[in-house]
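What follows is one structure encoded as structure tokens, with my remarks underneath.
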Amino acid sequence: MAKGNISVDSENLFPIIKKWLYSDKDIFLRELVSNGCDAITKLKKLSGIGDAKIDENENFKVTVSVFKDAKKLVISDNGIGMTAEEIDKYINQIAFSGASDFLEKYKEDDDKGAQIIGHFGLGFYSAFMVADSVEIDSLSYQDGAKAAKWTCDGSMEFDMTDGERQERGTTITLNIAEDSEDFLDEFTIRKILNKYCSFLPVEIYLVTDKKSEPEKDENGKDKEPEPPKPINNTQPLWMKKPSECTDDEYKEFYRNVFMDFNEPLFWIHLNVDYPFNLKGILYFPKINHEFAGQEGQIKLYNNQVFVADNVKEVIPEFLMLLKGVIDCPDLPLNVSRSFLQNDGYVKKISNHITKKVADKLTSIYNNDKSNYEKYWDDINVFIKYGCLRDEKFYDKVKDVIIYKDLDGKYMTLNEYLNGKDKKDVYYVSDPDTQSQYVNMFKNQGLNAFVLPSMMDTHFISLIEMKESDVKFKRIDSAINDISDTAEKDDSTKEKDDKLIEKFKAEINDDALKIEVQSLKDTSIPAVILLGEQSRRMQEMYRAYGQQMAGMADMFKDEFTLVLNSNNSLIQKINTLTGDDANLIINHVYDLAKLSHSPLNAEQMTRFVERSNKLLEKLF
């Protein structure tokens, strides 16, 4: 029997581990199980190069056993095992990574060692977050090796004795602390294993037994009742080549992992070996037109070990609306595998993911345009948001951004402009309330885009910034293309000025601009125009919430009442006097406002009363 002190710079190690080292307490199980997987991976590697002998039919596995009455949690593997000297090196000298040492020794043989995922040292010591004491019983694969047993009660002292294990591998027994007895619940352990270990490359079994101690066989070995099946899938879909996967497999994987029974629109299978190792699948779900309540889920893995959801350092923010898995063994994780270190390498991976998404969108547009158009209503918010957040993404996808026109057809910006010198782009934000303007446009053979969301207000500002000669105008902000812009003679100008003065005197609103134009549609007496920039600024400030709503008041609505000199009613107003003129002027004004936005209660009451008076004058 040997006793000793654990070699570490700080004698306050365990309080630090318990409180600060790991972001979530349940991570201890991930660390211990992944260490067991490492032990098996190491053994297979040694066997592959002829340094160890194994039975080809052996069932390699990690077993997690729960003994609730005894308050024990046991993690056992049939991997490489350890000698007493190795336990002293990898366990007693904290932070000495057994995985790093192993990889360094065998790195020249082949690249299979890259699949080692755990490490002895700090990963093992996470057990003390939930255990009063921990035991290791291990038998090395080496010929003639003796089993070794290590025991520590969470102090800086340990005991080392001969072990009881008779078959190669390692058993770690946690004597669960009183404040952590919830980790003796089968449901809790199963939930943790499903969270972190669902896709580990070695079969994981969960065994529960309410007896006070594990049963022993005739040789004194712990009996482990064989469960019906492993709790994990050792060959997740993302580890396969895209050519080996069917559409049905992609859809089934999506349903099983994300519990979403709506089929994804499409997906991207990432399979990169150089300049970094990156695998994964990104799914495009049906996306709401606004972001409220819309959240995707991208799971980050490290060699098939779950690390975290939605890690913004790896996944660009705008891609967080997607669902998927990313597995990158080369990510620079800290000791708990829970937080990414700030590293330029991470940024390269993030940029690569962005590029692959842009390439996929471009490929669908070029090769399957009809489906791309079907997807557009669901994915356009994601694409536009990505353009706003990432300039490089915009540069990659700008040529495959499409817009729906007034007839429900799709076209690019270049197709709309069609080589025009004047690059005004008209749009509607609400085809129903702006129906009068829509009809005027259609009657003149003109077209406009339908841009109904708040995201569009921000997006068109981006386009104007990127394409300096392009100007977006809502169809109720300008009517140059539906009016006669010919030069007026002096007589016409005099009539127009007289008409404007009549309207100003009756409406009595200094903020309202009034002008006369010859609209090509003679059936419309007047229309209201609203200044494009002031309206945009108001909408954007209001979108930021209550704290910015006051800023919107700085940008007053710039309304212009345009009187149509080609309309017969407008032509007769100059001949009317008294109440008749006033009734018509106010009614024309209200009709113009109604085609722009609903009247308030008081305005509607006056409008109805005035309508009745006008009807009475007909008889």
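Small disclaimer: the values here were computed from a predicted structure and weren't measured. Atoms considered below: every heavy atom in the structure, side chains included; atoms not considered: hydrogens, waters and symmetry mates.
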NZ or CZ of K593 within 45° of Y589 ring axis and under 6.0 Å: yes

Would you please test Q434 and S429 for side-chain hydrogen bond (donor to acceptor under 3.5 Å, both in side chains) and show each step? CA-CA 8 Å; Q434 295 153 19; S429 57; 2.9 Å; yes

Carboxylate-amine/guanidinium contact E602 R606, below 4.0 Å: yes

Do the side chains of K355 and D359 get close enough for a salt bridge, i.e. N-O under 4.0 angstrom? yes

D273/K279 salt bridge by N-O under 4.0 Å criterion: yes

Which of parallel (below 30°), tilted (30 to 60°) and perpendicular (above 60°) describes F441 and Y426? perpendicular

Parallel under 30°, tilted from 30 to 60°, perpendicular over 60°: which one fits the rings of Y416 and F449? tilted

So, D377 and K404, do they make that salt bridge, N to O below 4.0 Å? yes

Partners of F266 by ring pair (Phe, Tyr, Trp, His ring centres under 6.0 Å), sequence neighbours excluded? F284, Y375

Once ring pair (Phe, Tyr, Trp, His ring centres under 6.0 Å) is applied, do any residues pair with Y365, and if so which ones, sequence neighbours excluded? Y372

Restricting to salt bridge (Lys or Arg N to Asp or Glu O under 4.0 Å), what partner residues turn up for R255, sequence neighbours left out? none

List the atom pairs, donor and acceptor, that lie under 3.5 Å between side-chain atoms in residues 238-245 and the rest of the protein, sequence neighbours left out.
residue: W238; atom: NE1; partner: D327; partner atom: OD2; Å: 3.0
residue: E244; atom: OE1; partner: K241; partner atom: N; Å: 3.4

Are side-chain N/O atoms of T492 and D489 paired as donor and acceptor at under 3.5 Å? yes

Tell me every residue that passes ring pair (Phe, Tyr, Trp, His ring centres under 6.0 Å) with Y196, counting only those two or more places apart in sequence or in another chain. F306

So salt bridge (Lys or Arg N to Asp or Glu O under 4.0 Å) across residues 580-589, not counting sequence neighbours, yields D580-K617

Taking only residues two or more places apart in sequence or in another chain, which ones pass side chain to side chain donor-acceptor pair (under 3.5 Å) with E616? none

Filter on salt bridge (Lys or Arg N to Asp or Glu O under 4.0 Å), then keep only pairs touching residues 508-530, sequence neighbours left out; what's left? none

Under the ring pair (Phe, Tyr, Trp, His ring centres under 6.0 Å) rule, collect the residues that match up with F459, sequence neighbours excluded. none

Which pairs with one or both residues in residues 393-402 pass salt bridge (Lys or Arg N to Asp or Glu O under 4.0 Å), sequence neighbours excluded? none

Could you list all the salt bridge (Lys or Arg N to Asp or Glu O under 4.0 Å) pairs where at least one residue sits in residues 441-464, not counting sequence neighbours? K384-D456, D407-K442, E464-R536

In chain order, what residues pass the side chain to side chain donor-acceptor pair (under 3.5 Å) check against N367, with sequence neighbours excluded? S363

